[in-house]
Amino acid sequence: MTVKLNRAAGAGLVAYSALYTIQVVFGVLYTDALPASDVYRVMNYFSAAGILVSLAVAWCRKYGCGVAPAGPDLHLVVQTGFYAALALAIWFFTLWFRLLTLADGETVPEPDTVMWFFVSVLIPLVLGTNGAMLWRSGKSS
């Protein structure tokens, strides 16, 4: 990727992770005016795109696509980042597709609700970390 594209993608991921965190933490304060389900219905599309970008960045970092060189001292960091992005992608897309296929009036099963809490914590962490890494790699290139 070019330097400008790296920086733009990195800034987008970091900004979205901040907005997502604000929604998760403060969304209960304005749920009467704007239902959380409506907000997440829109945010899930942006989350899906961000997760795919983060997974691609983590893949490139792990397998050396030129995103950022990883030395032997960063092996554990790169491995952890890749598998965290992969776990997030698997959980998010499984839950999101289940959510999209719910019949009218059907509620989300309790185990899915619990897993959404894990996903809500991982999205800002994974997207923010990969975004910051992209931003730094664009800056140093």
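Values reported hereafter were calculated over all heavy atoms of this structure, with side chains retained and with hydrogens, waters and symmetry mates removed.
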- Message: Working note: Thr21 + Phe26, criterion side chain to side chain contact (heavy atoms under 4.5 Å, CB included); need CA distance, chi angles, decisive distance, verdict.
- Response: CA-CA 8 Å; Thr21 302; Phe26 298 110; over 6 Å; no
- Task: Using the test side chain to side chain contact (heavy atoms under 4.5 Å, CB included), find all partners of Ala84 that sit at least two apart in sequence or belong to another chain.
- Result: Val126
- Message: Is there a path of hydrophobic side-chain contacts, each under 4.5 Å between heavy atoms, that joins Leu122 and Val53?
- Response: yes
In a table with atom names and distances, give each donor-acceptor pair under 3.5 Å that connects a side chain of residues 27-39 to protein atoms at least two apart or in another chain.
| residue | atom | partner | partner atom | Å |
| --- | --- | --- | --- | --- |
| Tyr30 | OH | Gln23 | OE1 | 2.3 |
| Asp38 | OD1 | Arg41 | NH1 | 2.8 |

- Item | Student check: side-chain heavy atoms of Trp59 and Leu55 closer than 4.5 Å | no
- Query: Under a 4.5 Å cut-off applied to non-hydrogen side-chain atoms, are Thr94 and Ile90 in contact?
  - Reply: yes
- Sub-4.5 Å side-chain heavy-atom contact between Arg61 and Phe82: no
- Just wondering, are more than 12 heavy atoms of other shown residues or ligands nearer than 6.0 Å to OH in Tyr40? yes
- Item | Residues forming a side chain to side chain contact (heavy atoms under 4.5 Å, CB included) with Leu102, sequence neighbours excluded | Leu99, Glu106, Val108
- Note on the structure: Applied to residues 10-21, the salt bridge (Lys or Arg N to Asp or Glu O under 4.0 Å) test, sequence neighbours excluded, yields none
- Query: Please, which pairs that meet salt bridge (Lys or Arg N to Asp or Glu O under 4.0 Å) have at least one residue in residues 47-58, sequence neighbours excluded?
  - Reply: none
- Task: Give the minimum heavy-atom separation between Leu13 and Gly131, together with the two atoms involved.
- Result: CB-CA, 3.7 Å
- Results of side chain to side chain contact (heavy atoms under 4.5 Å, CB included) for Val119 - residues two or more places apart only: Leu88, Trp91, Phe92, Leu95, Trp116, Ile123
- Message: According to side chain to side chain donor-acceptor pair (under 3.5 Å), does anything in residues 9-19 pair up with another residue at least two apart or in another chain? List the pairs.
- Response: Tyr16-Ser47
- Query: Should Ile51 and Phe118 be regarded as members of a common hydrophobic cluster, given that ILVMFWY residues are connected when their side-chain heavy atoms come within less than 4.5 Å of each other, either directly or indirectly?
  - Reply: yes
- Which heavy atom of Ser54 sits nearest a heavy atom of Asn130, and at what distance? CB-ND2, 3.4 Å
- Query: Other than Val14, which residues form its hydrophobic cluster under the rule that side-chain heavy atoms must be closer than 4.5 Å?
  - Reply: none
- Query: By ring-ring contact (aromatic ring centres under 6.0 Å, His included), which residues pair with Phe117, not counting sequence neighbours?
  - Reply: none
- Would you mind listing every salt bridge (Lys or Arg N to Asp or Glu O under 4.0 Å) that reaches into residues 108-120, with sequence neighbours excluded? Arg98-Asp112
- Message: Under 4.5 Å between side-chain heavy atoms, counting indirect links through other Ile/Leu/Val/Met/Phe/Trp/Tyr residues: same cluster for Leu134 and Tyr63 or not?
- Response: no
- Query: For Leu125, which residues count as a side chain to side chain contact (heavy atoms under 4.5 Å, CB included) partner, sequence neighbours excluded?
  - Reply: Val121
- Item | With Tyr45 via ring-ring contact (aromatic ring centres under 6.0 Å, His included) - residues at least two apart | Trp96
- Message: Can you confirm whether Cys60 sits close enough to Val57 that some side-chain heavy atom of one is under 4.5 Å from a side-chain heavy atom of the other?
- Response: no
- Treat each ILVMFWY residue as a node, draw an edge where side-chain heavy atoms are under 4.5 Å apart, and state whether Leu52 and Phe46 are in one component. yes
- Heavy-atom nearest pair, Gly81 first then Ala58, reads O-CB, 4.0 Å
